[in-house]
Amino acid sequence: MTTADVRPATGGDVPEITRIQLVAWRTAFAESLGPSVLDRLAPEEMSASWAEAVDHPDTDVYVAVEGQATVGFCVAGMAPEAEVAAADGALPDDAGSTALIASLVVEPRWGRRGHGGRLLATAAAGLRRRGAERGITWVMQSDSATLSFYRGAGWHPDGTVRTLDTGENTIKELRLTGTLDLRLEHPETSEPD
């Protein structure tokens, strides 16, 4: 029987985190990002950025493993003011206790096995230890699988939308917010790609 778990990432996980991000972006987001964006991805630069994130004291990076395989990752930390502010720049009263799930990715072939739910629950527990009381994340409006995953965890759009320009396409992202006291009832039913 193969075991599944989530643990803090180490420098040794950087190559697999980079690989998973590349696979997910090329599989799930190719149309949204556009071919030229994917062609410009530089694995060496991505790995350097991941190494910095893993070593950064204000960032929690976790990896999901099944057996000996690394199958997903999550990056979390306290939310910068720019991420939690309203569209007019106003900060909510709880800005100082709001956390950001910056990225949560499960390699598509490992989806629907509960890895995303375990990653989110582990990150939420770590964020609560940092003093966070609620979380936010940004999800592409067109990414129904990830939106469904977060809704299953009790996170919902808060009405804030941003538009990103990839140089080839524009992407609308919805800001979702939710509790860090998670009750993931059926995390295996859908996973973010």
Quiz item: What do the steps show when you test Met140 against Thr146 for side-chain contact (heavy atoms from CB on, under 4.5 Å), and what is the final call?
Solution: CA-CA 8 Å; Met140 276 192 269; Thr146 301; over 6 Å; no
Taking a hydrophobic cluster as the set of Ile, Leu, Val, Met, Phe, Trp and Tyr residues connected by side-chain heavy atoms closer than 4.5 Å, whether directly or through intermediates, do [X] and [Y] fall within one such cluster?
{"X": "Leu147", "Y": "Leu100", "answer": "no"}
{"X": "Val105", "Y": "Val14", "answer": "yes"}
{"X": "Tyr62", "Y": "Met78", "answer": "no"}

Heavy-atom distance under 4.5 Å between the side chains of [X] and [Y], does that happen here?
{"X": "Val61", "Y": "Ile17", "result": "yes"}
{"X": "Leu164", "Y": "Glu173", "result": "yes"}
{"X": "Leu22", "Y": "Pro43", "result": "yes"}
{"X": "Ser47", "Y": "Arg19", "result": "no"}
{"X": "Trp155", "Y": "Ile101", "result": "yes"}
{"X": "Gln21", "Y": "Ser49", "result": "no"}

Can you name the closest pair of heavy atoms from [X] and [Y] and give their distance?
{"X": "Ala153", "Y": "Leu182", "result": "O-CD2, 3.7 Å"}
{"X": "Ala24", "Y": "Pro108", "result": "CA-CD, 4.2 Å"}
{"X": "Ile20", "Y": "Gly72", "result": "CD1-N, 3.6 Å"}
{"X": "Ala9", "Y": "Val54", "result": "O-CG1, 3.7 Å"}
{"X": "Thr59", "Y": "Arg130", "result": "N-NH2, 3.9 Å"}
{"X": "His115", "Y": "Val65", "result": "CE1-O, 4.1 Å"}

Practice problem: Check whether any side-chain N or O of Thr27 sits under 3.5 Å from a backbone N or O of Val23 as a donor-acceptor pair, and report yes or no. | Solution: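 Yes, the answer is positive, given that a donor and an acceptor are paired below the 3.5 Å cut-off.
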Self-check item: Arg175 side-chain N/O to Ile136 backbone N/O, donor-acceptor pair under 3.5 Å
Solution: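 The answer is no, because no donor-acceptor pair under 3.5 Å joins these two groups.
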Self-check item: Rounded distance (nearest 0.5 Å) linking atom OG1 of Thr177 with atom CG of Asp94
Solution: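 Answer for the OG1-CG pair, Thr177 versus Asp94, is 7.5 Å.
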Exercise. Mind checking the CG-OH spacing from Asp143 to Tyr150? Nearest 0.5 Å is all I need.
Key: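 Between Asp143 CG and Tyr150 OH, I get 10.0 Å after rounding to 0.5 Å.
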Below 3.5 Å, can you tabulate the donor-acceptor pairs from side chains in residues 80-91 to any protein atom, sequence neighbours excluded?
from	atom 1	to	atom 2	distance (Å)
Glu83	OE1	Trp138	NE1	2.6
Glu83	OE1	Arg162	NH1	3.2
Asp88	OD1	Ala90	N	2.9

Self-check item: Residues, nucleotides or ligands: over 12 heavy atoms within 6.0 Å of Asp58 CG
Solution: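 Above 12, so yes.
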Practice problem: Run through Val63, Val75, Leu104, Val71 and flag the one making a side-chain contact (heavy atoms from CB on, under 4.5 Å) with Leu119. | Solution: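 Running side-chain contact (heavy atoms from CB on, under 4.5 Å) over Val63, Val75, Leu104, Val71 with Leu119 returns exactly one hit, Leu104.
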Quiz item: Do Thr179 and Asp181 have side-chain N/O donor and acceptor atoms under 3.5 Å apart?
Solution: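 No, because no side-chain N or O of Thr179 sits under 3.5 Å from a partner of the opposite role on Asp181.
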Quiz prompt | Thr170 and Thr163: side chain donor to acceptor below 3.5 Å | solution =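 No, no side-chain donor-acceptor contact under 3.5 Å.
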Quiz item: Which word best sums up how the rings of Trp50 and Phe73 line up, parallel for under 30°, tilted for 30 to 60°, or perpendicular for over 60°?
Solution: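 Perpendicular, since the angle between the ring planes exceeds 60°.
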